[in-house]
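Every value quoted in this text rests on a predicted model; they were computed, and no experiment measured them.
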Amino acid sequence: MTVVISGLKHSVQISDRRAHPKWPRIRQVNACPFCLIGAGDVDRELVAYRTSNVFVLPVPSQRPKNLGHCLVLPTMHVTSLHTAAPDLVAELFDVVGRVTAAARKAFGAPGSMILQNDNIPGQTLFHLHVHVIPRSPGDGFVLQDPAKLEIPLAIRAQQAVQLRKALTE
């Protein structure tokens, strides 16, 4: 069944009529919700910045001490950083740099943390994106895993060898 949703420029295939939990104005569709936003079909007012290939939008769930957390995404559907064209990666991270500078002015954050998840377990939306999270002293933001281990130098050297080999193959 093909249905035009809220004045979209094109039709999309409906797979589930429930709203997406984090993007309630976008119904679950076979099309990627970030592609719809990137194309300008929905939620235009949420796009904070746009180039021809990249856009920025605030995330719907933010930590109270890290307000301004946003995503930087390509407008076209790309699922992984390693599959993106080099020129797109360059533009994506150029915009990430601009957003980290703007976060200082917009949110009073002296710094930002940059995260990029690449098809991690539990991920629900598979569209390349980079998180920019404004950080301030005492914000309590924690990414630490209590089970984290200190890795001896010899093992880290072996990991470097393995990675170096994989990078040159």
Mind checking what makes side chain to side chain donor-acceptor pair (under 3.5 Å) contact with [X], not counting sequence neighbours?
X    : value
R63  : none
R135 : D139
T51  : E91

From CA spacing to verdict: side chain to side chain contact (heavy atoms under 4.5 Å, CB included), D118, Q116: CA-CA 6 Å; D118 195 50; Q116 197 282 317; 3.8 Å; yes
Linked, directly or transitively: V59 and L67 (ILVMFWY side chains, under 4.5 Å): no
At what distance, to the nearest 0.5 angstrom, does [atom1] of [X] lie from [atom2] of [Y]?
X    : Y    : atom1 : atom2 : result
R50  : L57  : CZ    : CG    : 10.0 Å
M113 : T100 : CE    : OG1   : 13.5 Å
D87  : N53  : CG    : CG    : 7.5 Å

Distance flag, aromatic centroids of H129 and H131, threshold under 6.0 Å: yes
Working for side chain to side chain contact (heavy atoms under 4.5 Å, CB included), residues R44 and I37: CA-CA 7 Å; R44 285 185 208 126; I37 296 169; over 6 Å; no
Donor + acceptor pair across side chains of T79, N119 (<3.5 Å): no
Nearest heavy atoms of F34 and F55, plus distance in Å: O-CZ, 3.4 Å
For P134 against A109, the heavy-atom pair lying closest together: CB-CB, 3.6 Å
Side-chain touch K65/S136, heavy atoms, less than 4.5 angstrom: no
Side-chain touch Q62/C70, heavy atoms, less than 4.5 angstrom: no
Residues in side chain to side chain contact (heavy atoms under 4.5 Å, CB included) contact with E169, at least two apart in sequence or another chain: K165
Partners meeting side chain to side chain contact (heavy atoms under 4.5 Å, CB included) with I120 (sequence neighbours left out): N117, Q123
Sidechain-backbone polar pair: R164 side chain, Q159 backbone, donor-acceptor under 3.5 Å: no
Connected hydrophobic set around L81, excluding itself, where side chains approach under 4.5 Å: Y49, V54, V56, V72, M76, V78, L88, V89, L92, F93, V95, V96, V99, I114, L128, V130, V132
